[in-house]
Amino acid sequence: MSVRVRFAPSPTGALHIGGVRTALYNYLFARQQGGTFILRIEDTDQTRYVPGAEQYIIDTLKWVGLLPDEGVGFGGDKGPYRQSDRKEIYQRYAHELVQRGHAYYAFDSAETLEKRREAEENFTYNHLTRQALDNSLSLSSEETDKRLKAGEPFVIRLKVMPGRPIHINDLIRGEVVFQSSELDDKVLLKADGMPTYHLANIVDDHLMEITHVIRGEEWLPSTAHHVLLYEGFGWTDTMPRFSHLPLILKPVGNGKLSKRDGAKFGMPVFPLEWNGATPEESFSGFRDTGFLPEAVINFLALLGWHPGGEQEIFSIDELVQAFSVDHISKGGARFDYEKAKWFNQKYIQAADNAVLASYIGPLAAAKGYNPSEDYLQQVAALMKERVTFLPDFVETGYYLFEPVREYDRETFQKKWTPAVADFFAELIKMVATFDHFNAAALEEAVKHFMQEKGFKPGDVLPLLRIALAGTMKGPAVFDMAVALGREETVRRLEALTRL
RNA sequence: GGCCCGUUCGUCUAGGGGUUAGGACGCAGGAUUUUCAUUCCUGUAACACGGGUUCGAUUCCCGUACGGGCUACCA
């Protein structure tokens, strides 16, 4: 039987970076096993639906390159893949479960139960309390039918039989045991006719022939209910294998990484930018911060999983090759932004100049620059070993696109003597008429000229650097000169003499 | 509170009954580069605690502590 896995997010806002990791692990597993990776949209909570969130999920998967084989927006013959489009299916199965004696109708309103919980701290709807509540187990069948026919609102609840252990064999955690007596009678079908996660997820996984469920640790406690559902439907022989992933924790302090942490620690926790209704609900993402998607993938892959060995940089193909569920850690992983930055730096360094140019182009255009493709590639080559984020190319390296805005006056004054000034006048003439404008030849010529006039490199080179870039930081002087071209180099040298 | 999961350097992790407990990020120092960065080298630093089991436990078992998750007609 071929492997089929699903990534099943809820469109309730921007997709959290932890969700991207879940998608990644599902993807890696599917690819490695020659299986199928499915995107299912779990939008059964109408009250939490956020327009644009579904598209955000799809855009994210496209950006990081985790393309589903089936799913909303990707086709497939096991659809529909959006749960709100499957409402009738769940209703049918929910009623079937009642027929089979594993579920029942309950008429208690949400408000009544809420009041009950306020009064009794540990109130639970379960085998101990259900006889005293308003449902088809406590009511006569005539009364139940009457209420149903009258159109009284109802939910369908799972009938949990007490007194037995439920064993789960988690691929990451090993055997986990729950006692059925401690489980509540979970709502399966809500009063609005929509299923809860529990029902929808079991019905869909069964119908979509899912073989492995790889999801967050927060689902582990309800997995016992899910097993009961598979049993109730008689689907135990095709029940998927479960793997519950560790959580991603805050960089410092306690608790799991939250969307607020982005602003708090000055780092992205979402893949893409998200424009919410208010500034507080709007977030920047890894993409607009200037991360390469490959770097994000590499970083995320190693946040909670490691194949052993000492390799750190993995291409997506290498990840697919090396991935295995049993090498996923059990403990939560702290979000390490410094490491994420390091990965990005590494990926930028290793990237093709042409690839980099395709990223720098739009960034440059946004600043009003209009460089040629060839020039962008030169900028990429010059700066790729000195940047962390993509925008650094046009920000730290702005002087490659426009005249120097600010000079390092301190160094300038230290080096600028009347003798040097005289030398500069001659140097400018020399450069202006220099024919073979390539870095090696220019360096050779300038150094030779310096020597002839009795100057040391340290007397002149810093000034050349300041003339071209304004700062003591940056690419090699003669490389910059060549990139800028003879005219511009001369112009900048002259500008320095007027300082 | 109840149920469940977890715990190796500051962080991500490898490892697993006998190891100098390995790598990476970060940090510190050095070399190269007349800049910065890159690169390279060196250093820093960990098996939560207490009991078992064992000739021997960081590794296996049980507790404790700490952390986390769940406990909705949310996912």
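A note on names: the letters A, B, ... follow the listed sequences, proteins ahead of strands, and every chain is numbered from 1. These figures come from a predicted structure and were not determined experimentally.
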Using atom [atom1] of each nucleotide, how far apart are [N] and [M] to the nearest Å?
{"N": "A48(B)", "M": "C9(B)", "atom1": "P", "value": "7 Å"}
{"N": "U11(B)", "M": "G67(B)", "atom1": "P", "value": "15 Å"}
{"N": "U71(B)", "M": "U53(B)", "atom1": "P", "value": "42 Å"}
{"N": "A46(B)", "M": "G23(B)", "atom1": "C1'", "value": "14 Å"}
{"N": "U8(B)", "M": "G68(B)", "atom1": "P", "value": "15 Å"}
{"N": "U64(B)", "M": "C5(B)", "atom1": "P", "value": "14 Å"}
{"N": "G6(B)", "M": "U42(B)", "atom1": "C1'", "value": "36 Å"}

Query raised in the report: Which comes earlier along RNA chain B counting from the 5' end, the contact point of His327(A) or that of Phe107(A), where each point is its nearest nucleotide?
Result: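 Mapping each residue to its closest nucleotide by heavy atoms, the 5'-most match is His327(A).
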
Query raised in the report: Are Phe412(A) and Tyr407(A) near enough that their ring centres are under 6.0 Å apart?
Result: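 They do not qualify: ring centres at least 6.0 Å apart.
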
For [X] and [N], what is the distance between atoms [atom1] and [atom2] respectively, to the nearest whole Å?
{"X": "His306(A)", "N": "C25(B)", "atom1": "NE2", "atom2": "C1'", "value": "12 Å"}
{"X": "Leu189(A)", "N": "A72(B)", "atom1": "CG", "atom2": "P", "value": "19 Å"}
{"X": "Arg173(A)", "N": "G68(B)", "atom1": "CZ", "atom2": "C1'", "value": "10 Å"}

Query - Base A24(B) paired with Lys339(A) side chain (donor-acceptor, <3.5 Å) - result: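 Result: at least one qualifying N/O pair found.
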
**Report entry** Base of C36(B) paired with side chain of Arg386(A) (donor-acceptor, under 3.5 Å)
**Finding:**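 Result: at least one qualifying N/O pair found.
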
**Report entry** Step-by-step side-chain hydrogen bond (donor to acceptor under 3.5 Å, both in side chains) determination, His327(A) to Ser324(A)
**Finding:** CA-CA 6 Å; His327(A) 273 87; Ser324(A) 79; 3.1 Å; yes

